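Report on the following structure.
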Amino acid sequence: MSMTNFIQFDKDDIDTAKGTGLISTIDRDLDIKVTPFDSTNEKAPTHRVYAKSPRGHDIEVGGIWKKTSGEGKPYYTLSIKRLGFNANLGRYPGQDDLALQAIIEWEPRD
């Protein structure tokens, strides 16, 4: 079985890392590319997420945002608005590679 729903960043410092990954759902497989995005807007994403069009062009499909939990710990969320896909990034059980992040889908809140 191959790994699905992940981003492999090129370094442990996710804030400035590039990455590639795969999002698999019941009706699609989406190869993604993630690039850091620098902005002075505090609501801007930390990364832009790209996928390939049917003809092979990179198109921006979403973003990754850095947030802070109620306990004051940083975490990352991923959103692909057009698909209604929302997820948190986290570690796979039993792995210690900080650059490998699981994409953990969650349902949107009303």
Side-chain angles (χ1 to χ4, degrees):
M1 179 190 268
S2 62
M3 187 183 307
T4 60
N5 297 336
F6 73 94
I7 299 172
Q8 179 67 62
F9 289 96
D10 62 358
K11 56 186 169 182
D12 291 350
D13 181 12
I14 292 174
D15 287 344
T16 60
K18 296 178 184 176
T20 58
L22 173 65
I23 296 173
S24 292
T25 67
I26 198 149
D27 61 347
R28 71 189 59 187
D29 288 315
L30 191 64
D31 291 308
I32 59 172
K33 179 172 68 172
V34 177
T35 60
F37 178 67
D38 190 29
S39 173
T40 57
N41 180 345
E42 63 186 40
K43 294 184 179 185
T46 59
H47 294 78
R48 291 186 171 176
V49 179
Y50 297 89
K52 295 284 186 192
S53 74
R55 292 183 58 194
H57 302 284
D58 282 342
I59 55 171
E60 186 174 347
V61 296
I64 295 175
W65 285 262
K66 186 175 185 178
K67 299 191 176 187
T68 305
S69 72
E71 295 87 38
K73 296 180 181 180
Y75 69 98
Y76 296 89
T77 64
L78 178 145
S79 178
I80 300 176
K81 195 168 196 148
R82 187 168 187 134
L83 300 179
F85 185 89
N86 297 294
N88 288 339
L89 300 185
R91 296 201 4 221
Y92 282 99
Q95 68 88 18
D96 350 340
D97 181 0
L98 297 176
L100 176 62
Q101 294 287 303
I103 298 172
I104 306 160
E105 184 178 10
W106 49 270
E107 293 295 320
R109 297 183 189 130
D110 292 330

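From a predicted model like this one, the values you see are computed outputs, not experimental measurements.
- Lys52 is not listed as a side-chain neighbour of Asp31, based on a closest heavy-atom distance of 4.5 Å or more.
- In this structure the side chain of Leu30 never reaches within 4.5 angstrom of the side chain of Phe85, judged on heavy atoms.
- When the shell of 6.0 Å around CG of Asp38 is examined, it contains 12 or fewer heavy atoms from other residues, nucleotides or ligands.
- Side-chain atoms of Glu71 do not come within 3.5 Å of backbone N or O of Lys73 as any donor-acceptor pair.
- Looking at every heavy atom in both residues, Lys66 comes nearest to Pro74 through CE-CB, 3.6 Å.
- The side-chain heavy atoms of Thr46 and Thr16, taken from C-beta on, include no pair separated by under 4.5 Å.
- Put simply, the side chain of Pro45 does not reach to within 4.5 Å of the side chain of Ile64, judged on heavy atoms.
- For the pair Arg91 and Leu98, the minimum side-chain heavy-atom distance is below 4.5 Å.
- Residues Ile32 and Ile59 share a single hydrophobic cluster, defined by chaining ILVMFWY side chains whose heavy atoms lie under 4.5 Å apart.
- With hydrophobic clusters built from ILVMFWY side chains whose heavy atoms lie under 4.5 angstrom apart, Ile14 does not share a cluster with Phe6.
- Criterion: ILVMFWY side-chain heavy atoms under 4.5 Å apart, direct or through other members. Under it, Ile80 and Tyr50 are not part of a common hydrophobic cluster.
- By the 4.5 Å heavy-atom criterion applied to side chains, Leu89 and Ile103 are counted as neighbours.
- The closest side-chain heavy-atom distance from Ile23 to Leu78 is below 4.5 Å.
- A donor-acceptor contact closer than 3.5 angstrom links the side chains of Tyr76 and Asp15.
- Under the 3.5 Å distance criterion, the side-chain polar atoms of Asn5 are matched with a main-chain donor or acceptor of Ser24.
- The hydrophobic clustering, which links ILVMFWY residues whose side-chain heavy atoms are closer than 4.5 Å, places Leu22 and Tyr92 together.
- Listed for the Asp10 side chain is a donor-acceptor partner under 3.5 Å among the backbone atoms of Lys18.
- Here the CZ-NE2 distance, from Phe37 to His47, works out to 11.5 Å after rounding to the nearest 0.5 Å.
- Between the Gln101 side chain and the Gly90 main chain, a donor and an acceptor come within less than 3.5 Å of each other.
- Note that CG of Asn88 and NZ of Lys67 are 8.5 Å apart. Values are rounded to the nearest 0.5 Å.
- When side chains are defined from C-beta on, Phe9 counts as touching Ile7, because their heavy atoms get closer than 4.5 Å.
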